[in-house]
Amino acid sequence: MRNHNKRRWITLISLIIGIVAVGYAIGAYFTDYALKRGNDTDPLAPPVACTSIHDKNREIPALPKASMEKWSAVSSDGRHLAATRYSPQNPGKRWVILVHGYGRDQRYVRDYVDAYLEKGYQVLTPDLCASGESEGKYITMGVKESGEVALWAEKIKAYDPDAKIVLHGVSMGAATVLMAAGRKDIPGLAAVIEDCGYTSAYAMFSNQLGVLFGLPEFPIMTCVDVVSGLKTGAKVSEAAPLKAVPHIKVPVLFIHGAADTLVPPAMMEELFAACRVKKDKLIVAGAGHGDAMVTDGEKYWRRIFEFLSLYE
C-alpha cells in the first residue's frame, strides 16, 4: 500500500511538472513571437509578429527639414535610450513628445513632425524600449515605455523649465502616452493626444490569437502573461491603459479610424468613457489602424490644434 501511494505521488508530481513545462514552452513561444527583438540575421529586427500586422507598403517618412539634434538618456534599468529633437525657426515653450507604435521606431513618426513645427512646437521623437537605437531585448507594450516617456518629459523640463508638454502617440505609442500620463505626475504636462490606442495589450493579443492562429484565449494567454513577466520584466496584463486613464489629470483627445480591425473602435469608446477629465474624440471614416492622419490629414490636424488651443 505504501509503495502504491508513493507511485501515485510520483505520477502526480510528474504530471504537474509536465503541465508546467508545456505551459512555459507555450508562453515562451508566443512571448518571443510577439515581443522579442532581433533574429539570426538582424539583431535589431522587430518581433516576428510584426510581419503579420504591419502594412508592408508603409515607407519610412523623409527627415523633416528642420534643425535637429540627438538626445540620449538612461532608463531606470540602465538601458541606453535615444531620441531626436526637432526645432522650429523660432522655438517657444511648447513641446510635443511624438511616440511611435509597436515594432516601429522614431523614424515612423517623422511625418507628424512638420505639422507641430509649423505651429512653433519643439518636437522630441524617442525610440522606445527595444526599438531603433534604444537598448532592450523585449518590447513591453507600454509598461517600460511609459516610464521612458516620463523620463523624456523630465529631461525636457530640465532643459526648458517653462516647457508645456503635449504627449502624442500612435497605436502602442498611444497606449504608452496614456499610461505615462496616468502613472505619475509629469512636470509640465499640458495635454494628451492618443491615436488608436488599445484598452489592454492582453485583450488585443487575445483577439489576434484567434485571428492569426485560431486559438482560444485560455489557457494560452494565461501562459503568455506569466512567462512575459519572467522574460521581459513586465506582464502583458500590466500594459493596461484602461486602468491608467481614470488617473490622468490633463485633457485628452481620443482619435480612431472607423475601419480599424486591429484595435477596434469599441476600445476607444471604453477609454473615452473611463476618462474623467476634459476630453474630446475624433472618428475618421475609412481609416484603418494608425491611418487616421493619412486618410484625412486636414481634419486630423485641425481637430488636434483646436483641442490644444482650448486646453494647452
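Quick caveat: nothing in here was measured; it's all calculated off a predicted structure.
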| said: To check you understand the geometry: which heavy-atom pair defines the closest contact between Ala239 and Val143, and what is its length? | reply: N-CG2, 3.6 Å
| query | Mind checking whether Tyr112 and Tyr116 have ring centres under 6.0 Å apart? | reply | no
| query | Between Tyr33 and Tyr29, what is the ring plane arrangement, given parallel below 30°, perpendicular above 60°, and tilted in between? | reply | parallel
| field | Over 12 non-hydrogen atoms of neighbours within 6.0 angstrom of NZ in Lys119 | value | no
| message | Quick check on Lys243: does its NZ atom have over 12 non-hydrogen neighbours (other residues, nucleotides or ligands) under 6.0 Å away? | response | no
| message | A side-chain contact here means heavy atoms from C-beta on lying under 4.5 Å apart; do Val177 and His168 qualify? | response | no
| said: Side chains of Arg85 and Ile156, heavy atoms from C-beta outward: is any pair under 4.5 Å? | reply: no
| field | Aromatic Phe272 / basic Lys281 pairing, under 6.0 angstrom, 45° off normal | value | yes
| Just how far is it from atom CG of Asp291 to atom CG of Asp55, taken to the nearest 0.5 Å? | 7.0 Å
| task | Kindly determine whether Leu128 and Met172 satisfy side-chain contact (heavy atoms from CB on, under 4.5 Å), including the steps that lead there. | result | CA-CA 10 Å; Leu128 297 178; Met172 188 188 80; 3.7 Å; yes
| field | Min side-chain heavy-atom separation Leu117-Lys65 under 4.5 Å | value | no
| query | Hey, what's the ring geometry for Tyr121 with Phe305, parallel, tilted or perpendicular (30° and 60° as the breaks)? | reply | tilted
| request: Count the heavy atoms belonging to other residues, nucleotides or ligands that lie under 6.0 Å from CD of Glu69, then report whether that count exceeds 12. | output: yes
| said: Within the 4.5 Å heavy-atom criterion, are Lys70 and Thr84 side-chain neighbours or not? | reply: yes
| For the student: nearest non-hydrogen atoms of Lys144 and Cys129, plus distance | CD-SG, 4.3 Å
| query | In Å, rounded to the nearest 0.5 Å, how long is the span from NZ of Lys231 to CG of Asp32? | reply | 4.5 Å
| task | Without swapping roles, check the side chain of Tyr102 against the backbone of Ala34 for a donor-acceptor pair under 3.5 Å. | result | yes
| query | Transitively linked via ILVMFWY side-chain contacts under 4.5 Å: Leu310 with Phe307? | reply | yes
| said: Is there a continuous path of hydrophobic side-chain contacts, each under 4.5 Å between heavy atoms, that joins Ile139 to Val227? | reply: no
| Taking the six-membered ring for Trp, is the centroid-to-centroid distance between Phe213 and Phe30 below 6.0 Å? | yes
| said: A side-chain contact here means heavy atoms from C-beta on lying under 4.5 Å apart; do Leu81 and Asp127 qualify? | reply: no
| task | Working to the nearest 0.5 Å, report the span between NZ of Lys278 and NZ of Lys249. | result | 16.0 Å
| note | Closest non-hydrogen atoms of Ala190 and Pro251, given as atom of the first, atom of the second and distance, are O-CD, 3.5 Å
| query | Which of these, Leu167, Val252, Val166, Val170, sits in a side chain to side chain contact (heavy atoms under 4.5 Å, CB included) with Ile193? | reply | Val166
| said: Quick one: does any side-chain atom of Glu145 pair with a main-chain N or O of Gly142 as donor and acceptor, under 3.5 Å? | reply: yes
| Between Thr125, Leu124, Val113, Val99, which is the residue that forms a side chain to side chain contact (heavy atoms under 4.5 Å, CB included) with Gln106? | Thr125
| note | What one should report as the nearest heavy-atom pair of Ala203 and Met267 is CB-CE, 3.9 Å
| message | For the CG atom of Leu282 and the CZ atom of Arg302, what is their distance to the nearest 0.5 Å? | response | 9.0 Å
| message | Assess the residue pair Arg58 and Tyr108 against the criterion (side chain to side chain donor-acceptor pair (under 3.5 Å)); give the C-alpha distance rounded to whole Å, side-chain angles, the decisive distance to 0.1 Å, and a yes or no. | response | CA-CA 9 Å; Arg58 175 85 159 100; Tyr108 286 89; over 6 Å; no
| field | Ile53 side chain reached by His289 side chain, heavy atoms, under 4.5 Å | value | no
| message | Quick check: do Tyr138 and Ser228 have side-chain heavy atoms less than 4.5 Å from each other? | response | no
| message | For a side-chain contact (heavy atoms from CB on, under 4.5 Å) check, start with the C-alpha distance between Leu63 and Met68, then their side-chain angles and the critical distance, and finish with the verdict. | response | CA-CA 10 Å; Leu63 271 170; Met68 57 181 285; 4.0 Å; yes
| said: Is there a continuous path of hydrophobic side-chain contacts, each under 4.5 Å between heavy atoms, that joins Met179 to Val192? | reply: no
| field | Check against side-chain contact (heavy atoms from CB on, under 4.5 Å), Lys157 and Ile165 | value | CA-CA 9 Å; Lys157 285 295 284 185; Ile165 303 169; 4.0 Å; yes
| query | Has the side chain of Glu135 got a donor or acceptor atom that lies under 3.5 Å from a matching backbone atom of His80? | reply | yes
| Is there side-chain contact between Arg110 and Tyr86, with heavy atoms separated by less than 4.5 Å? | yes
| said: Working note: Leu271 + Leu242, criterion side-chain contact (heavy atoms from CB on, under 4.5 Å); need CA distance, chi angles, decisive distance, verdict. | reply: CA-CA 6 Å; Leu271 292 168; Leu242 188 60; 4.1 Å; yes
| query | Can you name the closest pair of heavy atoms from Ile60 and Arg107 and give their distance? | reply | CD1-NH1, 3.1 Å
| field | SB check Asp296 Arg303 (cutoff 4.0 Å) | value | no
| Taking Glu148 for the side chain and Ser75 for the main chain, is one N or O donor matched with an acceptor at less than 3.5 Å? | no
| message | Show the nearest heavy-atom pair for residues Gln122 and Asp160, with the distance to one decimal. | response | NE2-OD2, 4.3 Å
| remark: Value for CG (Asp195) from CD1 (Ile304), rounded to nearest 0.5 Å, stands at 7.5 Å
| Under 30°, 30 to 60°, or over 60°: which ring-plane class applies to Trp71 and Trp152, parallel, tilted or perpendicular? | tilted
| request: Examine Ile283 and Val263 and state if one hydrophobic cluster contains both, with Ile, Leu, Val, Met, Phe, Trp and Tyr joined whenever side-chain heavy atoms are less than 4.5 Å apart. | output: yes
| query | Among the clusters formed by ILVMFWY side chains lying less than 4.5 Å apart, do Met141 and Leu230 turn up in the same one? | reply | no
| query | Are there more than 12 heavy atoms of other residues, nucleotides or ligands under 6.0 Å from atom NZ of Lys137? | reply | no
| request: Output yes when a side-chain donor or acceptor of Asp162 lies under 3.5 Å from a complementary backbone atom of Lys93, and no otherwise. | output: no
| field | Nearest-0.5 Å distance, OG of residue Ser171 to CD of residue Glu194 | value | 10.0 Å
